[in-house]
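Below is one structure, written out as structure tokens; comments come after it.
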Amino acid sequence: MFDEIHLRDQIGALVDSRSVTTLLVTHDIDDAVRLGDRLFFLSPRPAKVIAAVPIGTPRAARSAAEISAIKGDLARLNLANP
């Protein structure tokens, strides 16, 4: 059985092994920050993009501290209440 971290690592390895654009949809901000290069935030129905946030550091180079800082920056954007 896969645990959440192992599954995230497997998805990351799969994305890295392909030279194609990959769209991952999640409600989990931790997964989004760890796996994404650019995050799109949607409004409630009808869905519209309310923010596009690039992440400049490559996934493999993101430290736990940087991931935490990115999540903090996103929380300050208050995207849950557009």
Side-chain angles (χ1 to χ4, degrees):
M1 185 166 104
F2 288 109
D3 62 25
E4 183 177 319
I5 294 170
H6 184 73
L7 182 57
R8 185 186 306 128
D9 291 343
Q10 291 289 317
I11 292 169
L14 181 62
V15 169
D16 289 341
S17 72
R18 308 284 192 259
S19 60
V20 296
T21 299
T22 305
L23 175 67
L24 301 171
V25 178
T26 183
H27 292 265
D28 187 308
I29 195 69
D30 193 54
D31 284 346
V33 170
R34 290 176 185 274
L35 293 170
D37 296 317
R38 185 170 23 163
L39 309 181
F40 293 92
F41 293 87
L42 304 176
S43 68
R45 292 182 185 165
K48 296 179 196 169
V49 174
I50 58 172
V53 180
I55 299 177
T57 306
R59 285 185 303 276
R62 290 181 203 152
S63 66
E66 183 163 6
I67 289 168
S68 180
I70 293 167
K71 289 170 30 177
D73 291 343
L74 293 171
R76 283 186 286 284
L77 291 177
N78 198 25
L79 296 170
N81 299 307

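Along the sequence shown, the residues carry numbers beginning at 1.
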In short, L35 meets R59 closest at the heavy-atom pair O-CD, 3.0 Å
In short, R62 meets V33 closest at the heavy-atom pair NH1-O, 2.6 Å
For I55 and G36 the tightest heavy-atom approach is CD1-O, 3.8 Å
| field | Close side-chain approach of F41 and L74, heavy atoms under 4.5 Å | value | yes
The side-chain contact (heavy atoms from CB on, under 4.5 Å) partners of R34 (sequence neighbours excluded) come to R8, D30, I67
Note: L39 and A32 closest approach over all heavy atoms is CD2-O, 3.4 Å
side-chain contact (heavy atoms from CB on, under 4.5 Å) evaluation trace for D31 with I11 | CA-CA 10 Å; D31 284 346; I11 292 169; over 6 Å; no
By side-chain contact (heavy atoms from CB on, under 4.5 Å), A61 pairs with (sequence neighbours left out) T57, P58
Heavy atoms of I50 and S43 approach each other most closely as CG2-CB, 3.6 Å
